[in-house]
Amino acid sequence: MLIINSVGVVVIALIIWWFWLYKPKEAELGENDLVITVENGTYSPSRIKVPAGEPVELKFIRKDESPCSETLLIPELQISDTLPLNKLKSIQLPALKSGEYAFHCQMQMYRGQLTVN
Amino acid sequence: MSTTKTESGGVSCHEDGTTTPPHDHHAHKANHHSSGNNSGPQELIIEGAGCASCVGKIESALKAVSGVENAEMNFAQRTVSVTGNADAADLVKAVEKAGYNAKLAAAESEDDALAEKEKSDQAYYKRLMKETWIALSLGGPLMAYALITGEVNVNTTTERIAWLIVGILTFGVLYFSGKHFFVGAWKSFLNHSANMDTLIALGTGTAWLYSMVVVFFPESVPEQARHVYFEATAIIIGLIDLGLALELKARGRTSEAIKRLIGLQAKTARVIRDEKELDIAIEQVLMDDVVRVRPGEKIPVDGEVIEGHTAIDESMLTGEPMPVEKAVGDTVAAGTINKTGSILFKATRVGKDTALAQIINMVKRAQNSKPPIGRLADVISAYFVPVVMIIAVTSALVWLNFGPNPAVAFAIVSATTVLIIACPCALGLATPMSVMVGVGKAAEAGVLIRNGEALQTASKISAMILDKTGTITLGAPKVTDILVAGEQDENTILKLAATLESGSEHPLALAIVESAQEKGIETGKVSNFNAIAGHGVQAEVDGKTLLFGNEKLMRERNIELGDFVEKAQGLAAEAKTPMYFAVDNKLSAIIAVADPIKEDSIAAIKRLQHNGIRVVMLTGDNRATAKAVAEKAGIKEFFAEVLPEDKSKKVQELQMEGEVVGMTGDGINDAPALAIANVGFAIGTGTDVAIESADITLMRGSLHGLADAIAVSKATLRNIKQNLFGAFIYNVAGVPVAAGILYPLLGVLMNPVIAGAAMAFSSLTVVTNANRLRLFKAQEH
């Protein structure tokens with residue numbers, strides 16, 4: 001029983017670490033065309049580094065048929081747009097101040113983050 | 001995997017190996033555009049260019065077309081920019097000859113995008129239904145067998161073999177009908193995120209794995225726990241697929257309003273270029289193109305009439321049922337319908353700049369924005385799935401430690417049921433679905449709501465400030481009375497007064513000049529014009545000295561007024577502005593000017609007051625007239641003699657009193673007051689709406705729009721609250737019950753199949769409830 005309980009506690013700890021504490025690496029919005037793929041419940045890459053102080057363009061392609069993935073929201077920038085299926089969609093961002101900006105679908109199941117600095 | 005092109009220039013990789021077929025109708029549209037085009041580069045979208053080496057081939061194929069100066073391809077975007085004056089159809093043909101498909105970038109319209117979306121939704125729906133049937137056709141009989149015989153235990157070798165076969169079949173179901181849950185769960189796991197897929201995959205995966213363990217190693221679990229849960233696995237997958245399919249259908253209905261707006265757009269336009277009439281797609285109409293519209297046709301783009309005369313039905317944009325007369329110089333708006341005559345007009349706004357396109361864009365944006373009430377649900381959604389996973393593990397541990405025999409079976413069932421019943425979707429959908437329908441419903445009533453926040457605040461408005469001129473009144477002062485005092489008749493008085501005022505720019509002067517024009521009276525020549533500030537004007541016409549102004553002016557000049565002073569007071573009490581007119585120092589008439597109250601203002605104000613809203617009028621006019629107008633309009637409170645720059649102070653005053661203030665104005669002069677109010681309403685005049693200036697724009701001039709806007713926002717907020725409440729309660733009650741909290745009391749544990757059904761239909765319920773808003777009707781006018 002002790003083993004089972006320990007395993008259970010470890011599983012809980014792993015859930016907390018993996019989903020909340022761990023910060024995955026950020027992709028950089030650099031020279032080469034970075035396209036964010038919307039598929040299987042995720043944005044990939046989901047964490048994107050963006051330079052501060054200059055307008056940038058984010059490119060999305062949605063390959064997920066689920067209607068959940070259709071809407072893209074960046075609440076702090078008051079951006080909401082529709083991502084067409086299997087088509088590249090560019091989202092223009094104004095020059096941003098340093099900080100973190102979340103982007104997500106209507107229901108926040110698809111989540112990503114822009115790190116501006 | 002194959003690579004295909006996309007409309008806006010992207011590349012798409014279909015995993016199933018299909019390619020998007022070329023869209024013939026686009027090529028067809030391109031053919032229409034055969035007059036050549038010198039107005040900048042033409043953009044082509046290329047399909048089927050999978051490798052970088054295609055670039056050279058496509059570019060040289062295009063450069064070989066006569067008229068092409070240069071062709072440059074952007075490989076990442078799969079677009080080519082072609083300069084020169086080549087025929088678009090020839091360009092498409094050249095690319096096709098080189099082995100690729102091409103179409104004009106401009107040919108992508110809202111309509112096409114919508115049609116394509118519907119097509120892909122339809123395909124997705126069919127796939128989900130197929131998956132549902134596969135899963136249920138295995139799960140149904142299995143469940144019937146389990147219920148009828150009660151034999152789902154694995155004891156003998158024959159049973160083991162039989163259940164192994166069923167287990168393999170169930171795996172088939174998991175693969176065919178549930179693959180997307182597992183792939184989604186895994187991909188998001190790798191991405192450190194978790195969603196609905198994670199819960200379903202974990203729940204059904206656990207049930208199936210446990211069952212397989214029982215089949216292969218029955219001895220490893222206590223005898224009473226040797227159950228298999230294959231039927232639950234199959235049925236849960238089937239029910240959730242069914243739920244997704246039905247939700248997809250229901251979601252389609254939430255966007256009906258925007259579809260109707262998009263449907264207003266014409267598909268083609270008849271333009272005159274190089275003295276030839278051409279039918280072209282509306283996306284290809286350029287600024288300053290001359291467009292011909294015949295009776296019964298839709299106006300394709302915004303423009304100004306340059307030839308002809310007609311009546312146009314603008315009701316779809318303004319809600320005004322009467323067709324509007326249009327002659328040379330008048331503006332026409334895209335999406336409206338030409339009724340009687342044939343006209344030529346010059347395009348002034350095309351593509352995304354037309355009023356209709358801007359309205360569509362604004363409605364779309366607003367539909368996707370979220371009111372503050374939804375934020376708590378967002379925060380919960382963000383932590384929801386991992387928390388449910390933790391609850392599932394904890395619940396299993398509690399059963400293993402403290403549960404009765406067979407503890408392991410109870411642990412598995414409770415963990416599975418917790419994972420299956422928890423529904424982040426219902427919570428996440430609660431707000432956006434209602435906003436989608438509510439904003440669309442408002443747009444149908446001619447009310448454009450900027451965003452979710454405006455929608456929510458509008459539902460709480462306690463005081464409404466109405467600007468007088470142009471909001472309560474028509475905004476166009478008119479001569480209402482001419483009380484003759486001397487020898488001249490009305491027409492002579494009007495002629496002299498209009499002549500006198502023709503040099504003045506005062507709005508009241510304009511009313512007099514217009515009145516004369518309406519009666520066909522020509523004005524004469526004026527000399528020695530003199531404006532006496534705060535009093536009136538003086539001039540000489542036909543050798544007569546004319547004096548026009550207020551009582552003070554007349555008294556100063558010792559002009560006998562007699563009982564006309566009382567008559568003037570009577571006019572003021574009727575919300576009219578009386579002015580004295582004297583010829584050669586003798587009173588000739590009183591001319592009264594008034595800005596009539598809009599026909600339906602009184603009823604609309606009553607509606608607002610009936611809803612418990614404190615209505616306050618704001619005007620720069622003098623107290624007496626303001627009082628009269630307010631009384632006539634049924635308004636008890638008013639601010640008179642307010643300078644334009646002080647309007648926003650009045651808004652603040654009410655806010656200080658604790659009111660949630662709505663401010664209604666024309667959106668141009670009142671911009672600061674609109675901005676400072678909790679909700680700023682701009683009244684649009686016709687199709688020339690000042691979309692950017694307010695939180696809520698009323699497309700028709702009527703104040704009923706205000707009451708409609710508040711009613712729609714109240715209904716939407718009520719709907720959101722129902723949804724959020726339902727989703728919260730569902731999860732807050734469902735998860736503990738699934739974990740077995742009722743077991744110590746009632747000795748029952750929830751069946752995972754019930755959990756699957758509950759989960760599948762919880763989000764469907766939310767969407768369906770949001771759809772009820774479609775039936776909402778603003779109170780009768």
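Computed from a predicted model, the values in this text were never measured in an experiment. Every chain is numbered from 1 and lettered A, B, ... according to where its sequence line falls, protein lines coming before strand lines. Values below: every heavy atom of this structure, side chains too, minus hydrogens, waters and symmetry copies.
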Value for CZ (A:Phe19) from OG1 (B:Thr198), rounded to nearest 0.5 Å, stands at 6.0 Å

- Flag side-chain contact, heavy atom, 4.5 Å: B:Ser193 against A:Tyr110: no

Pair A:Glu65-B:His180, side-chain contact (heavy atoms from CB on, under 4.5 Å): steps then yes or no
CA-CA 11 Å; A:Glu65 286 167 312; B:His180 53 108; over 6 Å; no

Is any side-chain heavy atom of B:Glu116 closer than 4.5 Å to a side-chain heavy atom of A:Lys87?
yes

Most heavy-atom pairs under 4.5 Å with chain A, out of B:Phe189, B:Trp186, B:Phe181, B:Phe384, belong to B:Phe189

Check your understanding: Have B:Asp197 and A:Asn40 got a donor and an acceptor in their side chains that come within less than 3.5 Å?
Key -> no

Ranked by heavy-atom pairs below 4.5 Å to chain B, first place among A:Asn5, A:Leu73, A:Val9 goes to A:Asn5

Ranked by heavy-atom pairs below 4.5 Å to chain B, first place among A:Cys105, A:Ser80, A:Gly8, A:Pro45 goes to A:Ser80

Turns out that what part of A:Asp64 lies under 4.5 Å from chain B's heavy atoms comes down to neither

**OP:** For residues B:Pro386 and A:Ile16, determine if any side-chain heavy atom of one lies less than 4.5 Å from a side-chain heavy atom of the other.
**Re:** no

Of A:Ile12, A:Leu14, A:Ile15, the one forming a side chain to side chain contact (heavy atoms under 4.5 Å, CB included) with B:Met389 is A:Ile15

Under 4.5 Å to a heavy atom of chain A? For B:Tyr383 that would be both

Whatever's closer than 4.5 Å to a heavy atom in chain A on B:Leu190 counts as backbone

Give the ring-plane orientation class for B:His192 versus A:Trp17, where under 30° counts as parallel, over 60° as perpendicular and anything between as tilted.
perpendicular

One should read off an interatomic distance between A:Ser66 OG and B:Leu244 CG, to the nearest 0.5 angstrom, of 7.5 Å

Whatever's closer than 4.5 Å to a heavy atom in chain B on A:Thr37 counts as neither

